[in-house]
Amino acid sequence: MTLETNNLTMRPITGRDELDLFTRFPYALNSELADDLDAGRRRTDWMWVALHGNRLLGRAAWWGRPDSADPLYLDVFDIDDDAGSARIDIGAQLLRTTMAAALPPGATPPEYIRFVPPDWRDGEQSRRVVDGRMAALEQVGARLFVERLRLEWRAGTPIPPASRRLEFRPVHDDEEILALMTSAMDGTLDAHSRDDMTRMPAREAAELHFHDELAGYSSPREWWRIATLPGGEPVGFVFPARNDYNPIIAYIGVVPAHRGNGYIHDILAEGTRILAEQDVPRIRAATDLGNQPMANAFARAGYLTYERAITMTWS
């Protein structure tokens, strides 16, 4: 079927009554959209469709916090993979339209995130799906930033015994957290942290991460732990938490002076134990594909890679 990209209707959905239309494309986040609308994490004017008559050819949705004036992520973007060669142009046209409507004039678009199967490169169809969406995003200026592993610990998975080398205590205050986070930035393999530090000092990057994410979790800070040597010297930290969807290992790190001793395994086990004691069915976590030491630690702790995430950004 030949499609003309100038013979399309592009518009936001009218309300919850059009969620059936919006979710015609299968995707991992479809089941969360209704709750997100109720909670204010999505708005109907941030959820756009491209239509040819009654046929859905594309969709895009932004996510933000309930108090966000502007969206923080583009995390739903799909095109009809049966639309032939026109699908890339349709996707790019939809992106231009929704970015002009959803973002302030002249603003750099927030990052795009796509959840993909762990083996997405191995299948012809899964690779075509990912490559097509990335090609449309590249037409509007986005570039690949990082690929991440999305990990899950499931109830019943054994937890290593409590560390005999380290002791764990609650955090004293925000300053202690920020000091340790700043120290852990030195030599980090995390792409977002490394990128932040090309534009700001490590302390400022730590404050940005803390205030934009960690401080916003409603779960108890009593779950957060500082790992110390028996004499009290801090070695690292782990921040178990619960976001809007799941229990998570929100942040974990070892300070540079104590890297190379395998302490990350003890610290991750402690964070996992704290959440497992809440009788949760699963714990989610994520790390960059290129952060092999952290990926190895999660695998050793029994976390499975259930999917990956492609992140693209605009400069």
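This chain uses plain numbering: 1 for the first residue, then up along the sequence.
- Residue pairs meeting the salt bridge (charged side-chain N to carboxylate O under 4.0 Å, His left out) criterion with at least one member in residues 172-185, sequence neighbours excluded: R169-E176, D174-R221, E175-R203.
- Closest of all the heavy-atom pairs between A102 and P71 is O-CD, 3.6 Å.
- M200 and I177 fall into different hydrophobic clusters, defined by Ile, Leu, Val, Met, Phe, Trp and Tyr side-chain heavy atoms under 4.5 Å apart, directly or through other members.
- The hydrophobic clustering, which links ILVMFWY residues whose side-chain heavy atoms are closer than 4.5 Å, places I159 and I283 together.
- Across F168 and D266, no two heavy atoms sit closer than the pair CZ-O, 3.7 Å.
- The two residues D244 and R41 come nearest to each other via the heavy atoms OD2-CD, 3.3 Å.
- Transitive grouping of hydrophobic side chains (ILVMFWY, heavy atoms separated by less than 4.5 Å) brings I79 and V140 into a common cluster.
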Which pairs would a plain distance check flag for residues 222-242, meaning a side-chain donor or acceptor within less than 3.5 Å of a matching protein atom at least two apart in sequence or in another chain?
unit_1, atom_1, unit_2, atom_2, d
W224, NE1, P240, O, 3.3
R225, NH1, E222, O, 2.4
E233, OE2, H258, NE2, 2.9

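- By the neighbour-count criterion of 12 heavy atoms within 6.0 Å, atom CZ of R194 is sparsely surrounded, having that number or fewer from other residues, nucleotides or ligands.
- Using a 4.5 Å heavy-atom cutoff, the side chains of N296 and Q292 are in contact.
- Partners of W63 by ring pair (Phe, Tyr, Trp, His ring centres under 6.0 Å), not counting sequence neighbours, listed by chain and number: Y73.
- Note on I249 and V254: same hydrophobic cluster, where clusters join Ile, Leu, Val, Met, Phe, Trp and Tyr whose side-chain heavy atoms are under 4.5 Å apart, directly or indirectly.
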Checklist entry - For M294 and D190, what are the C-alpha separation, side-chain angles and deciding distance, and is it a side-chain contact (heavy atoms from CB on, under 4.5 Å)? => result CA-CA 10 Å; M294 197 66 248; D190 180 82; over 6 Å; no
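- Between the side chains of D89 and Q93, no donor-acceptor pair of N or O atoms lies under 3.5 Å.
- Inter-residue side-chain proximity for L103 and P110 is flagged as met; some heavy-atom pair is nearer than 4.5 Å.
- The one candidate from D80, D131, D82, D81 that meets the salt bridge (Lys or Arg N to Asp or Glu O under 4.0 Å) condition with R87 is D81.
- For R164, the CZ atom is loosely surrounded, since the number of other residues' heavy atoms within 6.0 Å does not exceed 12.
- When the side chains of ILVMFWY residues are joined at heavy-atom separations under 4.5 Å, either directly or via intervening members, I252 and L189 end up in two distinct hydrophobic clusters.
- Proximity of R16 to D38: side-chain heavy atoms (C-beta onward) are separated by under 4.5 Å at one or more points.
- V171 is not listed as a side-chain neighbour of L180, based on a closest heavy-atom distance of 4.5 Å or more.
- The two atoms that bring A301 and T157 nearest to each other are O-CG2, 4.4 Å, heavy atoms only.
- By the 4.5 Å heavy-atom criterion applied to side chains, D70 and P104 are counted as neighbours.
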Item to check | Trace of the side-chain hydrogen bond (donor to acceptor under 3.5 Å, both in side chains) decision for Y263 with S163 | outcome: CA-CA 9 Å; Y263 290 139; S163 176; over 6 Å; no
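- Taking each heavy atom of W48 and L94 in turn, the nearest pair found is CB-CD1, 4.1 Å.
- Side chains of R308 and R121 form a contact here, defined as non-hydrogen atoms less than 4.5 Å apart.
- A cation-pi arrangement is absent between R284 and Y245, since the terminal nitrogen or guanidinium carbon is not both under 6.0 Å from the aromatic centre and inside a 45° cone about the axis.
- Here the closest heavy-atom approach between residue F298 and residue A285 is recorded as CE2-CB, 3.5 Å.
- Ion pair D78/R59 flagged as a salt bridge, since at least one NZ, NE, NH1 or NH2 atom sits closer than 4.0 Å to an Asp/Glu carboxylate oxygen.
- If you check the side chains of R154 and Y306, you find no donor sitting under 3.5 Å from an acceptor.
- A 4.5 Å side-chain heavy-atom check between W62 and R43 finds every atom pair outside the cut-off.
- Side-chain contact between D36 and L29: absent, with no pair of heavy atoms (C-beta onward) separated by less than 4.5 Å.
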